[in-house]
Amino acid sequence: MRALVTGASSGIGAVTADVLAAKGATVLRTGRTITGPSSFACDLATGVSDLASWAGDIDLLVLNAGIGHAGPFAEMEPGKIAELFAVNVVAQLELARALLPGMIARGRGHLVLVSSIAGAMGVADEAVYSATKAALRAFADALRLEVPAIGVTVVHPGVIDTPFFDRRGTPYTRRRPRPIPAVSVAEALVAAVEHHRAEIFVPSWLRFPARINGALPALVRVFQRRFG
Ligand SMILES: NC(=O)c1ccc[n+]([C@@H]2O[C@H](COP(=O)([O-])OP(=O)(O)OC[C@H]3O[C@@H](n4cnc5c(N)ncnc54)[C@H](OP(=O)(O)O)[C@@H]3O)[C@@H](O)[C@H]2O)c1
């Protein structure tokens, strides 16, 4: 199997690439700062078509690269909304669009989109980030119907111990839920591909608040206003 992992220079993407390689996959890695063999350094905001040409035929595409932002929406600096959508949504979908025709022609392939629990239920002070991650989920739900021969998996991590929070400029300060290691996401992601799962939450208990939010959003809003 030939896999391409975006955001493979750090955190969830780096560990996912390692888990796939340990299972015998040929793993291509990308990120702006990535180095080493089978790696292609590029900014996804501008480099998708060069990346797709370099990658060639791919069986498993893990769309994991992403950036965060936390803080009041009304105080976001100009350009930040566009940057979040460019990296988290547009670049990932453009890469999927570039590589999907090959999968369809071969009659097999799998896309994984790394969303967030913030894509399944709003997170305070993360309005735009939540919107980008919800966009990935909506895209996946529609694409799954359009290309039934291709696997489409959405991964919703909770709080994961990676440089993500430092990079976004706002450290994670809540006591709970506690951050869990990136390898938990990587192993769950690979298992979800192996078992053709449409959607997973990591840790798995997060599916309960997400499902309750889907069924009883007013109740969840009451809890969120009270507990954040
Ligand atoms: N950590 C969490 O708690 C958490 C929770 C839910 C969802 N997620 C999602 O999980 C995914 C991975 O995050 P992480 O926690 O592993 O964070 P991370 O350690 O900061 O990794 C982010 C990756 O994205 C890449 N990236 C960022 N901007 C890029 C750009 N313009 N072009 C190309 N690559 C770019 C980074 O590579 P370079 O810097 O080398 O470009 C890095 O490899 C993200 O989509 C994030 O939204 C994380």
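Order of appearance sets the numbers: ligands from 1, and atoms from 1 within every ligand.
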With atoms numbered from 1 as shown, which atoms in ligand 1 lie under 4.0 angstrom from a non-hydrogen atom of Gly66? 22 (C), 24 (O), 27 (C), 44 (C), 45 (O)

Closest to atom 28 (N) of ligand 1 (heavy atoms only, candidates Arg32, Arg29, His156, Glu83) is Arg32

Below 4.0 angstrom from a heavy atom of Gly11, which ligand 1 atoms are there? Numbered from 1 as shown, please. 16 (O), 19 (O)

Identify the closest protein heavy atom to atom 18 (P) of ligand 1: which residue and atom is it, and at what distance? Ser10 OG, 3.6 Å

4.0 Å heavy-atom contact, Ala41 with ligand 1: no

Backbone N/O of Arg176 and side chain of Arg174: donor-acceptor pair under 3.5 Å: no

With heavy atoms and a 4.0 Å threshold, my read on which part of Phe165 contacts ligand 1 is side chain

Residue, atom and distance of the protein heavy atom nearest atom 14 (P) of ligand 1 read Thr162 OG1, 3.5 Å

Is there a heavy atom of Gly158 sitting under 4.0 angstrom from any atom of ligand 1? yes

Residue and atom name of the nearest protein heavy atom (relative to atom 16 (O) of ligand 1), distance in Å to one decimal: Ile12 N, 2.8 Å

Proximity to ligand 1 by part of Val87, non-hydrogen separation under 4.0 Å: side chain

Checking the side chain of Ser115 only, and the main-chain atoms of Val155 only, is there a donor and an acceptor separated by less than 3.5 Å? no

Take Asp18 and Arg29, measure what side chain to side chain contact (heavy atoms under 4.5 Å, CB included) needs, and give me the verdict at the end. CA-CA 10 Å; Asp18 290 345; Arg29 303 170 194 239; 2.9 Å; yes

Nearest 0.5 Å, what's the CG-OG1 distance between Leu60 and Thr16? 9.5 Å

Is Tyr129 close enough to touch ligand 1? Criterion: a residue heavy atom under 4.0 Å from a ligand atom. yes

Counting heavy atoms only, which of Val15, Asn64, Val5 comes nearest to atom 45 (O) of ligand 1? Asn64

Starting from atom 7 (C) of ligand 1, find the nearest protein heavy-atom neighbour and note its residue, name and distance. Ser115 O, 3.2 Å

Nearest protein heavy-atom contact for atom 23 (C) of ligand 1: which residue, which atom, what distance? Gly7 CA, 3.6 Å

If you count the atoms of ligand 1 from 1 in the order shown, which ones are under 4.0 Å from a heavy atom of Ile67? 27 (C), 28 (N)

Atoms in ligand 1 flagged as close to Val159, the criterion being non-hydrogen separation under 4.0 Å: 3 (O)

Which one holds for Lys133 and ligand 1: side chain close, backbone close, both close, or neither close, with close meaning a heavy atom under 4.0 Å? side chain

Contact check, Pro163 vs ligand 1, heavy-atom distance below 4.0 Å: yes

State whether the number of non-hydrogen atoms from other residues, nucleotides or ligands found under 6.0 Å of Arg2 atom CZ is greater than 12. yes

Given Ser116 and His156, is the side-chain hydrogen bond (donor to acceptor under 3.5 Å, both in side chains) satisfied, shown in steps? CA-CA 4 Å; Ser116 168; His156 298 280; over 6 Å; no

With atoms numbered from 1 as shown, which atoms in ligand 1 lie under 4.0 angstrom from a non-hydrogen atom of Asp43? 30 (C), 31 (N), 32 (N)

Considering only the protein, which heavy-atom contact is closest to atom 42 (C) of ligand 1, and what is its distance? Arg167 NH1, 3.4 Å

Worked check of side-chain hydrogen bond (donor to acceptor under 3.5 Å, both in side chains) between His69 and Glu126: CA-CA 6 Å; His69 179 272; Glu126 298 188 23; over 6 Å; no

Rounded to the nearest 0.5 Å, what's the gap from CG on Leu145 to CG on Asp141? Could you check? 7.5 Å

With atoms numbered from 1 as shown, which atoms in ligand 1 lie under 4.0 angstrom from a non-hydrogen atom of Cys42? 32 (N), 33 (C)

